[in-house]
Amino acid sequence: MISKGKARKPFSQKSFEYKFAPAAPTRWLIAFVVRCTLLSFLFLLGAQFGMSQTTPTVLKVDPPSWWAGSSLNPVRLLIHGSNLRDARVQTTGSGLRVVGAAKTNERGTYLFVDIAITPQAKPGTRQLRITTPQGTARASFEILPPLNRVPNFQGFSPADVMYLLMIDRFSDGDPSNNDPPQSRGIYDRKNKFYYHGGDLQGVIDRLSYLKDLGVTAIWLTPWYDNYDHPNQIELKEEKPSTGFHGYNPQDFYSVEEHFGSLAKLRELVDTAHRSGIKIVQDEVVNHTGPYHPWVDDPPTPTWFNGTKAKHLKNVFQTWALHDPRPVEELKRETMEGWFLDFLPDLNQKDPEVSRYLIQNTLWWIGATGLDGIRMDTWQYVPNSFWHDWTRALKREFPKFTVVGEVKDGDVIHTSYFQGGHVRDGADSGLDSLLDFPLFYSVRHAFAEGKKLDEVPKTLAKDYLYNSSDILVTLLGGHDDGRFMSEKGATIAGMKLANAFLLTTRGVPQLYYGDEIAMTGADEPTTRGDFPGGFPGDKRNAFSREGRTKDEEDLFEYIRKLTHLRNELEPLKRGELINLYVSDQQYAYARKIRPKAGEVVFNPDSAIVVINNDIKPATIEFDVEPLRLSDGEDLRDQLNQRNYVKVKDRRLKVTLAPRSAAIFANH
Ligand SMILES: [Ca+2]
Ligand SMILES: [Ca+2]
Ligand SMILES: [Ca+2]
C-alpha cells in the first residue's frame with residue numbers, strides 16, 4: 001500500500017517563509033499551489049514515459065491490516081485509487097484469499113473487495129494485485145498477530161476512575177512533531193484554535209502522574225488524522241480554525257501526525273496497561289471532517305446523506321427522536337442534517353458505509369488493544385446501525401464497553417438511548433451514557449451553591465435507565481466551561497463535588513486540569529494547556545513543587561478520594577442507598593449485596609454525608625438498612641480523628657460548613 005504519508009511528499013517551504021514570511025493561511029495556499037504544479041508535472045512526466053492515463057493506481061487500502069482468527073471474516077477492503085473499473089484483485093502469499101468479485105464505483109476511484117484470512121495465517125505483509133486490461137497496481141496488506149485477551153479489550157466498570165484529556169492540550173512529549181512537514185503552519189500556542197503540541201508521547205510521559213492521582217482509565221479526545229491546513233469553513237472568532245480537537249476525521253485509519261503514529265499509540269496502550277490503566281478511544285461515526293476526500297468523491301452515490309451542494313442542515317430537534325408521533329421532517333433533519341451545515345453526515349443506512357464503520361471500530365481495538373469507546377454524537381445515528389455495530393463489537397470483544405454522548409439534561413431523553421430496549425425498531429446495545437442530567441445538578445449544587453437536594457432528585461429518576469450503575473458521571477468536560485469558572489465556584493465546592501462524584505453510583509470521570517482547579521469559562525478556554533506540559537512553561541503543575549497551595553490542597557483531596565475508592569470495595573460496587581435528604585444536606589450509603597456464595601470482607605458498607613450549606617449542620621438519620629451493630633464506631637475516612645457511634649440504629653453527625661465525611665468501619 002502506498003501510505004498516505006508517503007503519497008504526500010514533504011514539501012519544503014523554507015525559502016518562501018524566509019523571503020515573504022506570509023501569514024499561515026497564505027503559506028498554506030502557496031504550498032497548495034506549488035503542490036498542484038508539482039503533481040501536474042509528475043503526471044506529464046508519467047505520460048512522457050508511456051504510463052497510460054488509464055493505468056490503475058492505488059493510493060490507499062482500508063483497512064491496511066487485520067488479524068487471523070477474527071469473528072469478522074472475510075474483511076471487506078475499500079481500495080482508493082484511479083482507473084479501478086473492472087479490476088480483478090488477487091493476493092500473493094499464503095493465508096489470504098479473495099472472496100467473490102470486486103465492485104467499483106462509477107468513476108473507478110473506489111473498489112470494494114472481500115478477502116478471507118485463514119485461521120492459521122502467519123503474521124506478515126502480503127501483496128494485493130489489482131489488474132485491469134490497462135495494467136496492474138500493487139498494494140500491501142498486513143496480517144497482524146492477534147493480541148492477547150488479557151490485558152487488552154477489558155472494558156471499563158464502576159471500579160474505574162476515568163480521566164478525560166485533550167491530547168493536544170495535555171502534554172507535549174515530542175516537540176519534533178509540533179509543526180510537521182505535511183501540515184506546516186497550524187501550530188501556534190498563542191492561538192486558542194491551533195495546535196499546541198500535546199501528543200501521545202506526552203500522555204506516556206505522564207502515566208505515573210495519572211497513576212498517582214488514582215486514574216485507572218484514560219479517555220483521550222480523537223486521534224484520527226484531521227486536515228493538514230487551516231479550516232477556512234469553520235471560522236472561530238472570524239478566523240480559520242484547525243482540527244486540534246480531533247473531531248473532524250480526514251482519515252479514519254490514520255493517527256494525526258501532530259499526535260504521533262500508530263506505533264506510538266500501540267506503545268501508549270501497552271505502557272498504560274502495564275501501569276494498570278485502560279485506554280478509551282473517542283470515536284466519531286456520525287460525520288467526517290469537512291475536507292474528507294469522500295466529500296468530492298464518494299465511494300458510493302449514497303455514502304453521505306446529501307451532498308456538499310445539497311443537504312439538510314442539522315436542526316438538533318432531538319426530542320423528535322423519541323416522539324411516538326414525530327414530525328418526520330424534523331426527525332430527518334436531526335438524523336441526516338449536516339452538523340453546523342458543513343460536517344458531512346455519513347449515511348449508515350448504506351450497507352457499505354455501515355460495513356466500513358463497523359470494521360473501522362473493530363480495527364482500532366484489534367490493532368491496538370484498547371479497552372473502551374466514548375462515542376461522539378450518539379443520537380444522530382440510526383439505532384438499526386448501532387444494533388449491528390454493538391453486536392459485531394461484542395462478538396469480537398465480549399468484555400468491551402461503550403459510553404455514548406447524548407448531551408441533554410433530561411433523564412427521560414438520555415435514558416431512551418441506552419441499550420436493553422427496542423427503540424425506533426432496534427436495540428442499540430449501548431452500555432453506558434455520559435450522565436449529563438447529573439452533571440447539571442452537580443454544577444448547580446456544588447459550583448453555584450444552589451440546593452443540594454437537586455442531586456438526589458435527579459438520581460431518583462434512575463429507574464428510567466436500563467442500568468444506572470455503568471453511567472459515566474462527570475463534573476467537567478471539554479464542551480463546557482470549567483467548574484471553577486462557574487459563578488459562585490470555590491475550592492470548597494469543588495471538593496464537595498469530587499467527594500460526591502467519587503462515592504456515588506456510576507463510573508466517575510475527571511476532566512484534565514480540574515484536579516488543579518484550572519479555569520476557563522467557554523469552549524476554547526476550557527481546553528487550556530496543562531501548566532508544565534509544554535516546553536518553556538513557567539511552572540510544572542504535574543509536580544507538587546509546581547502547584548500553588550490551593551491547587552495542591554485540591555489535588556491531594558481528590559487523590560485521597562480516588563485511593564479510598566480503590567480501597568473500599570463498597571464505594572466501587574456497593575448499591576446506592578439514600579439515608580437522609582434536606583435542602584443542603586445529603587447522606588447516603590454504598591452497601592455490597594453479596595453475590596450467591598460470595599463472602600464480603602468488612603467493611604461491606606460506607607456512609608457519605610455532605611453539608612453543602614455555608615453554616616455547620618447536625619443531622620440524625622436511620623441506618624437500619626445497613627445492619628450495623630449498636631455501639632459500632634465508624635471512622636471518617638477523610639479525617640481519621642472524626643468518628644461516630646451507631647446508637648439505636650441511628651447516626652448523629654455534625655459537619656462543618658461545606659464539608660463531607662465518609663464513614664466506614666475501616
Ligand atoms: Ca508534540
Ligand atoms: Ca493531519
Ligand atoms: Ca447523522
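In what follows, every heavy atom counts, from backbone to side chain, and hydrogens, waters and symmetry copies are set aside. One-based numbering along the sequence shown. Order of listing sets the numbers, starting from 1, for every ligand and every atom in it.
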Can you tell me which N/O/S atom of [X] has the shortest distance to the Ca ion (ligand 2)?
X	answer
D228	OD1
E256	OE1
D225	OD1

Taking 3.0 Å as the cut-off, does an N/O/S atom of N226 lie below it from the Ca ion (ligand 2)?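 Given the 3.0 Å cut-off, N226 counts as a ligand of the Ca ion (ligand 2).
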
Please determine if the Ca ion (ligand 2) has an N/O/S atom from E257 lying under 3.0 Å away.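 Yes - counting backbone and side chain alike, E257 has an N, O or S atom under 3.0 Å.
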
Evaluate the ring planes of [X] and [Y], with Trp represented by its six-membered ring, and classify them as parallel (under 30°), tilted (30 to 60°) or perpendicular (over 60°).
X	Y	answer
Y195	H258	parallel
W378	W386	parallel
H478	Y511	tilted

State, to the nearest 10 degrees, the angle whose vertex is the Ca ion (ligand 3) and whose arms point to O of Y380 and OD1 of D345.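 Angle O(Y380)-the Ca ion (ligand 3)-OD1(D345): 150°, rounded to 10°.
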
Has R169 got its NZ or CZ under 6.0 Å from the middle of the six-membered ring of Y512, at an angle within 45 degrees of the ring axis?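 Negative - R169 is either too far from the ring of Y512 or too far off its axis.
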
State whether F542 and R206 meet the cation-pi test: NZ (Lys) or CZ (Arg) under 6.0 Å from the six-membered ring centroid, and within 45° of the perpendicular axis.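 Geometry flag: set, cation within 6.0 Å and 45°.
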
Testing the 3.5 Å rule here: is there a donor-acceptor pair between the side chains of Y209 and E515?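 Yes.
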
Under 3.5 Å, is there a donor-acceptor pair linking the side chains of T361 and W389?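 Distance-only check passes for T361 and W389.
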
In terms of heavy-atom contacts, does CZ of R332 have more than 12 from other residues, nucleotides or ligands at under 6.0 Å?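 Counting other residues, nucleotides and ligands, CZ of R332 stays at 12 neighbours or fewer.
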
Derivation and outcome, side-chain contact (heavy atoms from CB on, under 4.5 Å), residues Q250 and D228: CA-CA 9 Å; Q250 176 82 0; D228 297 342; 5.9 Å; no

Suppose we only count N/O/S atoms under 3.0 Å; would [X] qualify as near the Ca ion (ligand 1)?
X	result
S176	no
N177	yes
G197	yes

Between the Ca ion (ligand 3) and [X], is there an N, O or S atom separated by less than 3.0 Å?
X	result
M335	yes
E336	no
N286	yes
T377	no

For D408 and F436, work out which heavy atoms get closest and say how close.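 Nearest heavy atoms, D408 then F436: O-CB, 3.4 Å.
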
Tell me which N, O or S atom of D172 sits nearest to the Ca ion (ligand 1).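 Of all N, O or S atoms in D172, the Ca ion (ligand 1) lies closest to OD1.
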
To the nearest 10 degrees, could you say what angle the Ca ion (ligand 1) makes with O of D174 and OD2 of D199?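 Result: 80°, to 10°.
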
